[in-house]
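As structure tokens, the structure follows; a few thoughts come after it.
Hydrogens, waters and symmetry mates are skipped; everything else that's a heavy atom, side chains included, is used. Numbered from 1 within each chain, the chains take letters A, B, ... in sequence-line order.
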Amino acid sequence: MGKDKLFGLIDLDWRFELTKFKLIRVLFKSRWFPLLLILFNLFIFVVILLSAFLGGYSAGNYNFGIMLVWILWWVLLMLVLVPVFSRTWCMMCPFPIFGDWFQRRRLFGVTQGKLAGLNLKWPKFLKNMWIMNIGFLITTFFSGFFTVRPLATFILLGGIILLAFVLGLIFEKRSFCLYVCPVSGFQGLYSQFAASEIRRKDPEICRKHTLKTCYLGNEKGYGCPWLLLPFSFEKNTYCGMCLECFKTCPHDNMGFFLRPPGVDILQDTKREPRRIDEAYKAFIMLGIALMFYSVFQGPWGVLKDMVRATTMKGYLTYISAHALFSLVILPGIFLLFSWLSRIFSGNKDVPLKKIFVSFSYTLIPLGLGVWIGFSFGIILPNGSYILHIISDPFAWGWNVLGTANFPWTPVFTGLLGYLQGATLIVFYLFSLALGFRISKQIYPEKSQAQRGWIPILVFLTLITLIFLWLFIG
Amino acid sequence: MNVIFLRLKLQICLIVAMVLSGGLFASYCYAQEEKFFEIKAKKFSYTPHKIIVNKGDKVTLRLVSEDVTHGLYIDGYGLETKAHPGQDGSITFVAGKTGKFTFRCSVTCGEFHPYMVGNLIVGPNYRFYVYVLMILAIGVGSGVVIFRKSKE
């Protein structure tokens, strides 16, 4: 039997180990890494918080905090970090550093024995994405404030950092990152598409290594702070890339690999099954993308007034419609197409829930593509503001880099439509290519998988066309 | 397999060629006109928010501010004008490029300023039609490939 190749070109089992290069391997095993990156980002976030607190110009486009978080960081996250390097933001995120510091009682080096704090286990019924799903959705209710009002950004970021610390005092390790952080959920979802992964190299070595230092820790590093089993996990979703397993493995058996994009989407094992909370994350992210594009990049003034809460009635209508669309209407329509899939397949024995949940993973590539298209629409027209704010971060009249008076300059906005259309097509292709493979996993017979795939193919095509219309129609 | 792919490619090329030539023909059918629009700018939207013209039209946009100073910059055309309250701005240009172009406020006018946008649509919107056809062709093509594979 031939190898399964994506688009007939890329072997799905293809991997290229980046940690075979000594420089990268040494870096990953050093305790200074990613700590230095975290400390650098901590410094940047201190400036972000200060500038957001101090306010500066009334308009957010001349505020360091707003521009760095909602323009630069968001775009980097969606354009590069998540699609290519998985959860590298989590690797360098400064939010949980105070909780880590408290638990470990030190910033550098390794604390042996029990960590400080209550170290409670996270409640079992909350060990899923639901808090992150709802938390992120609620956060977007206030996007008309966070993305334009410096103080609102200060409150949001300050609140997240404080919550991360408080939960670090109460719950074990990175429970906050795993189950609460609003940024974590969508990164986890879309990192399944990422073109890189951290995995163990040789399973046989792990099998023989009974100490499992990657999970328990040793003098070189901590047991997995994300509570994973590094010797066996097979999806990027919950790996925060903290690199502790590289440090604790005595056999150098952890690797950082390049891989074909999207292979995690095809993983559905007993230990890491497809789940409805992750499925809902895909719907929520798609729903938010539709709302955000309509409000922030669409021409409809009435929507902007609603999001800005110029009237309470308008604002409540917006958040109700937004929540209803993401939580009920979009999943409801998808459920209908899933039901049609079962009808078309002719196999009534496959549970509808399985069809619904499994096929929802086809929205991961398409959703990511939509967000990338949205991000082009943020950075190309607004990127030049960054030159201003890095030269005068507190709006105190500084001109540190000599770019404080750089005028607003849209860059390649004439190509925006081409870029957005092309991005949609590329990610639509990935959704189709991976989607039919999911269909073959759902239905036992190939003919059933073929017929059952048709309604989902139609759904994905319709969604792609809707976003294409929004972008360039 | 190669024959199937070749046929598919040929079919897709034919569809795209038909649409492109149809669009080209359609663009000659449009009479080139002079068109005038008065756009009212008020925090943080334009009225009308959508301007539809045809390729080759001579378009004049008058920008009227109803509150603070606003600007209007047209993506793709790189044209800009500004309007202060009581002092209108104006742009005249020939709509030589087709497609959907965002026009956006170019003067910081308040907290929602980066989101103050409108759309200029210069028909026929080939770019949109071609992308629609590509998506449909990919969708149908992938379905055909999936079903033909099992017959072989």
Side-chain angles (χ1 to χ4, degrees), chain A residues 8 57-62 71 144-145 147-149 295-305 307-308 377-378 380-382 385 408 410 413-418 420-422 424-425 428-429 432-433 435-436 439 446-447 449-451 453-454 457-458 460-461 464-465 468-469 471-473, chain B residues 1 5 40-51 71 73-78 80 97 99-121 125-132 134-143 145-150:
Chain A
Y57 288 84
S58 63
N61 54 310
Y62 280 122
I71 305 290
F145 307 100
T147 59
V148 295
R149 300 270 188 198
V295 169
F296 296 115
Q297 292 181 36
W300 302 285
V302 62
L303 290 179
K304 295 178 206 298
D305 286 343
V307 172
R308 289 169 55 223
I378 296 178
L380 297 185
N382 300 309
Y385 289 125
W408 173 69
T413 46
L415 300 177
L416 188 55
Y418 291 107
Q420 290 174 321
L424 270 183
I425 286 182
Y428 170 65
L429 274 166
L432 297 192
F436 181 61
S439 193
K446 193 175 177 186
S447 59
Q450 287 169 327
R451 292 193 305 270
W453 170 237
I454 294 170
L457 171 65
V458 171
L460 292 171
T461 307
T464 310
L465 289 174
L468 186 76
W469 174 77
F471 287 160
I472 64 171
Chain B
M1 261 321 280
F5 272 117
K40 289 175 181 162
K42 191 179 177 183
K43 285 182 176 182
F44 297 98
S45 59
Y46 296 102
T47 309
H49 61 251
K50 191 185 270 188
I51 306 276
Y73 172 90
I74 308 174
D75 286 355
Y77 283 84
E80 186 187 6
K97 299 174 191 170
K100 176 179 166 181
F101 302 93
T102 298
F103 54 86
R104 46 185 93 244
C105 185
S106 55
V107 179
T108 301
C109 57
E111 84 275 10
F112 241 64
H113 156 71
Y115 308 130
M116 184 170 169
V117 295
N119 292 147
L120 166 71
I121 294 169
N125 192 348
Y126 298 121
R127 187 166 53 188
F128 177 61
Y129 303 143
V130 168
Y131 276 125
V132 166
M134 284 169 80
I135 288 166
L136 290 176
I138 288 168
V140 173
S142 73
V145 169
I146 283 165
F147 275 90
R148 284 212 176 166
K149 257 184 180 175
S150 67

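- Residue contact with chain B, scored on non-hydrogen atoms closer than 4.5 Å, involves the side chain of Trp453(A) exclusively.
- In plain terms, the two heavy atoms of Trp408(A) and Cys105(B) that are nearest each other are CH2-O, 4.3 Å.
- Scanning all heavy atoms of the two residues, the minimum distance from Ile146(B) to Gln450(A) falls at O-NE2, 2.8 Å.
- If you measure heavy-atom distances from Ile121(B) to chain A, the contacts under 4.5 Å come from the side chain alone.
- Shortest non-hydrogen contact noted between Ser45(B) and Gly301(A) is CB-CA, 3.4 Å.
- Here the CG-CE distance, from Leu424(A) to Met134(B), works out to 11.5 Å after rounding to the nearest 0.5 Å.
- Annotation: side chain of Phe471(A) is not in contact with side chain of Tyr131(B) (no heavy-atom distance under 4.5 Å).
- Using a 4.5 Å cut-off between heavy atoms, Phe103(B) makes no contact with chain A at all.
- In this structure, chain A has no heavy atom under 4.5 Å from any part of Thr102(B).
- Atoms CH2 and NE2, on Trp300(A) and His49(B) in that order, are 7.0 Å from each other to the nearest 0.5 Å.
- Considering all non-hydrogen atoms of both residues, Asn61(A) and Pro114(B) come closest at CB-CG, 3.8 Å.
- Taking the six-membered ring where tryptophan is involved, the planes of Phe112(B) and Phe296(A) are tilted, since the angle between them lies from 30° to 60°.
- Summarising the geometry of Phe44(B) relative to Lys304(A), their closest heavy-atom pair is O-CD, 3.4 Å, with the distance given to 0.1 Å.
- Contact of Lys43(B) with chain A is made through the backbone alone, with heavy-atom distances under 4.5 Å.
- To the nearest 0.5 Å, atom CG of residue Leu432(A) and atom CD1 of residue Ile135(B) are 10.0 Å apart.
- Put simply, the side chain of Tyr73(B) reaches to within 4.5 Å of the side chain of Pro410(A), judged on heavy atoms.
- The part of Asn125(B) that comes within reach of chain A is its side chain, from C-beta onward, which places non-hydrogen atoms under 4.5 angstrom from that chain.
- Minimum heavy-atom separation, His113(B) to Tyr385(A): NE2-OH, 2.9 Å.
- If you tally non-hydrogen atom pairs under 4.5 Å between each of Gly76(B), Gly99(B), Gly78(B), Gly139(B) and chain A, the highest count goes to Gly139(B).
- Within the model, atoms OH of Tyr428(A) and OG of Ser142(B) stand 6.0 Å from one another, a figure rounded to the nearest 0.5 Å.
- If you take CZ on Phe101(B) and CG on Leu416(A), they are separated by 11.0 Å, rounding to the nearest 0.5 Å.
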